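Read through the structure below, which is laid out as structure tokens, and then see the notes.
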There are 2 protein chains.
Amino acid sequence: MIVINATMKDVAKAAGVSIGTVSKVINKSGFVRPQIRERVLLAISLLNYKPNGIARSLKNSKTNIIGVILPGLNDLYSMRILNSIEKVASTKGYKIIYCSTNGEVAREIKSLQWLIEKRVDGILFYPSSEELTDVEIPASIPVVLLERQIKGYNFTAIMHEHIEACRQLIEPLTNKDFQKIIFFHGPIRSSIEWSKVDGIYKTLEYLGIESEDQLFIEVNVKQDKRALTDFMSKTLLKRQEVTAVLSTNPTLLSASIRACQNIELSLEEDIEVCGFGDIDPYGIIMPPIRIAEEQPEELAKVAFNALFEQISKPTKKLNQTFFITHKLIN
Amino acid sequence: MIVINATMKDVAKAAGVSIGTVSKVINKSGFVRPQIRERVLLAISLLNYKPNGIARSLKNSKTNIIGVILPGLNDLYSMRILNSIEKVASTKGYKIIYCSTNGEVAREIKSLQWLIEKRVDGILFYPSSEELTDVEIPASIPVVLLERQIKGYNFTAIMHEHIEACRQLIEPLTNKDFQKIIFFHGPIRSSIEWSKVDGIYKTLEYLGIESEDQLFIEVNVKQDKRALTDFMSKTLLKRQEVTAVLSTNPTLLSASIRACQNIELSLEEDIEVCGFGDIDPYGIIMPPIRIAEEQPEELAKVAFNALFEQISKPTKKLNQTFFITHKLIN
DNA sequence: TTGTATGCGTTATCAA
DNA sequence: TTGATAACGCATACAA
């Protein structure tokens with residue numbers, strides 16, 4: 001008997017038993033006489049029967065899928081987040097549906113709605129802003145946020161703590177003779193950039209250094225590589241008194257390095273460059289610079305576990321914020 | 001009337017119509033009297049009804065999901081592949097389930113089986129070897145392979161062509177005075193490494209250079225960064241006559257650069273380093289070295305389109321191999 | 001121990 | 001134009 005996509009019904013017929021019995025054999029639930037069980041197993045392999053996960057999900061209200069919404073896979077940070085989420089999720093039997101938003105609220109909404117429609121068991125969401133409207137998330141689908149809280153929702157959120165990292169970056173600079181530091185940062189309306197700049201201010205205050213004496217320069221990170229390098233080169237040339245640079249994200253940090261190379265400032269002797277971002281996965285930068293690295297693996301693990309918790313015990317609705325600390329290298 | 005997870009039945013009852021009518025309104029199929037239509041729409045928003053995608057998939061035998069199986073997200077190449085697949089897929093209304101295999105056949109099989117069970121509409125599969133056993137893929141689920149063909153299956157496959165890239169890398173080296181080149185490559189039992197080494201041989205032959213006079217060194221890429229750098233440093237010190245290095249993958253290429261820095265060979269004056277792999281996304285390496293970059297975006301696009309083709313017209317079973325060419329930079 | 005029947009939430013085919 | 005009903009493939013409570 002040849003059946004293209006065999007169902008339990010086909011198996012039942014072939015084995016001369018009822019659907020219920022086949023189901024029991026497959027799910028190892030209840031008891032089935034060994035003899036019959038064998039007949040069923042034989043029929044299954046003969047017909048090359050594959051259970052239909054969709055029907056199962058419908059019946060059980062469980063998909064074993066979680067949705068992961070990220071701005072995109074454009075840097076090592078996002079890549080490592082997704083990589084880790086997938087790894088830890090798969091140890092608990094979950095697969096992931098990955099959605100990118102390109103930082104657009106409209107696409108965030110679309111993704112959320114799609115995932116809700118597909119009845120995923122939970123959602124990990126890295127919002128690109130604190131705003132989100134026009135989407136109500138059913139209480140049956142837990143959501144855990146990455147790196148940001150969303151106004152008016154108060155989900156569980158996991159984010160990096162920046163103040164301590166700022167201290168670790170800045171303090172060594174000031175241990176030596178007094179330095180004039182230039183801080184390159186992105187738009188402070190971004191909450192992440194803001195909290196880094198805030199961390200810098202707090203650190204300076206803690207160290208008894210006047211913020212007014214240092215240079216804070218907001219840079220348009222949307223420029224292309226070349227433009228960024230040029231801008232920083234010019235800035236550094238204009239400010240010859242500067243002896244250290246701290247950049248708050250990988251784009252700016254790499255641009256700082258290119259700028260120094262550009263105007264022939266030696267990272268060894270003339271200027272000290274440090275900042276946030278895993279920009280040198282292959283260890284090529286010489287001399288190695290001091291970097292505060294995000295810990296995406298840690299973030300992913302904590303986030304998934306929080307989500308898993310909520311999936312498993314839907315009653316527990318204790319929304320908290322967890323903080324991850326940076327790792328300082330070199 | 002408060003309903004937690006409203007269904008079409010709830011909507012129908014609330015609007016005082018039948019389920020069939022509600023379905024018609026939602027799917028805009030058939031005609032519904034405007035007045036009734038409004039009533040239904042009202043009920044939908046009142047009850048906060050969300051269609052159940054699982055039930056839809058069951059009914060329509062269509063999930064709008066494709067599975068993507070990759071060895072992992074451990075380098076920029078995989079990242080860009082996944083990124084592009086997701087982007088192009090979403091333009092056609094598909095979401096992706098991402099599965100990592102860590103290069104283990106057992107996990108490849110598990111992933112395939114899981115995706116088959118979930119009845120995804122198609123699968124993009126980057127196998128880590130040419131072997132695969134114990135898994136029969138139903139004809140109803142098209143599969144397109146990335147970078148490799150699997151023995152005994154003969155699926156449509158998309159892969160990079162390496163011979164031309166080898167020519168473009170090697171020819172400039174030989175335009176100058178005769179050079180002694182060292183070729184660092186990975187295990188040639190890997191089909192990708194093999195085809196690169198093959199490309200090198202063919203190029204040398206084409207250029208009339210004796211392969212015997214050049215150095216081919218197979219390197220264990222599983223070593224850690226430090227060990228790799230040391231190994232290459234020693235090799236280069238032993239072979240002072242070498243004036244150029246070609247490495248066949250990003251791990252080896254970056255190690256070559258670190259080795260040169262290590263033993264103070266100037267990339268500008270003493271030695272020429274080139275090879276395969278996008279190791280410098282932030283443009284920090286000075287001087288820029290010549291690199292043959294894979295084109296993951298192109299690969300992803302071609303692969304998805306091939307898959308989409310097969311999903312749309314299941315009859316067409318013309319399995320082919322498509323080749324992508326590298327892009328030479330610097 | 002096994003079989004029957006119902007429901008999960010849709011869509012689609014018919015009658016009405 | 002609308003409504004009733006039968007699938008889709010499976011799990012399960014209950015009857016046999």
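Throughout, protein chains are lettered first and strands after them, A, B, ... in sequence-line order, and every chain is numbered starting at 1. This structure is a prediction, so every number in the text was calculated from the model and none was measured.
Judged as a side chain to side chain donor-acceptor pair (under 3.5 Å), and not counting sequence neighbours, the contacts of Glu147(A) are Tyr77(A), His160(A). The ring-ring contact (aromatic ring centres under 6.0 Å, His included) search around Tyr153(B) returns Phe155(B), not counting sequence neighbours. Looking at residues two or more places apart in sequence or on another chain, you find no ring-ring contact (aromatic ring centres under 6.0 Å, His included) involving Tyr49(A). Applying the salt bridge (Lys or Arg N to Asp or Glu O under 4.0 Å) criterion to Glu161(B), with sequence neighbours excluded, gives no partner residue. Checked against salt bridge (Lys or Arg N to Asp or Glu O under 4.0 Å), Lys151(B) has the following partners two or more places apart in sequence or in another chain: Glu131(B). Glu108(B) meets the salt bridge (Lys or Arg N to Asp or Glu O under 4.0 Å) test with no other residue; sequence neighbours excluded.
Residue pairs meeting the salt bridge (charged side-chain N to carboxylate O under 4.0 Å, His left out) criterion with at least one member in residues 48-58 of chain B, sequence neighbours excluded: Glu117(A)-Arg56(B). Each salt bridge (charged side-chain N to carboxylate O under 4.0 Å, His left out) pair with one or both residues in residues 78-93 of chain B, not counting sequence neighbours, appears once here: Arg80(B)-Asp278(B), Arg80(B)-Glu297(B).
The distance between atom NZ of Lys28(A) and atom C1' of dT1(C), rounded to the nearest whole Å, is 18 Å. Rounded to an integer number of Å, the gap from Lys13(A) NZ to dG3(C) P is 15 Å. A straight line from CZ of Arg37(A) to C1' of dT2(C) spans 14 Å, rounded to a whole angstrom.
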Could you list the donor-acceptor pairs under 3.5 angstrom formed by side chains in residues 35-46 of chain B, with sequence neighbours left out?
| from | atom 1 | to | atom 2 | distance (Å) |
| --- | --- | --- | --- | --- |
| Arg39(B) | NE | Ala15(B) | O | 2.9 |
| Arg39(B) | NH2 | Ala15(B) | O | 3.1 |
| Ser45(B) | OG | Leu42(B) | O | 3.1 |

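At a threshold of 4.0 angstrom between heavy atoms, the contacts of Ile54(A) with the nucleic acid are absent.
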Interface polar pairs with nucleotides 10-12 of chain C, N/O, under 3.5 angstrom:
| from | atom 1 | to | atom 2 | distance (Å) |
| --- | --- | --- | --- | --- |
| dT10(C) | OP1 | Tyr49(B) | OH | 2.7 |
| dT10(C) | OP1 | Asn52(B) | N | 3.0 |
| dT10(C) | OP2 | Met8(B) | N | 2.8 |
| dT10(C) | O5' | Tyr49(B) | OH | 3.4 |
| dT11(C) | OP1 | Asn27(B) | OD1 | 3.3 |
| dT11(C) | OP1 | Asn27(B) | ND2 | 3.2 |
| dT11(C) | OP1 | Arg56(B) | NE | 2.8 |
| dT11(C) | OP2 | Ser23(B) | OG | 3.1 |
| dT11(C) | OP2 | Asn27(B) | ND2 | 3.1 |
| dT11(C) | O2 | Lys59(B) | NZ | 3.3 |

Report, one pair per line, the protein and nucleotides 14-16 of chain C atoms (nitrogen or oxygen only) whose separation is under 3.5 Å.
none

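Put simply, chain B comes within 4.0 Å of DNA chain D, heavy atom to any atom, from dT1(D) to dG9(D), going 5' to 3'.
Checked by atom type, the side-chain pair Arg148(A)/Ser191(A) shows a donor-acceptor distance below 3.5 Å.
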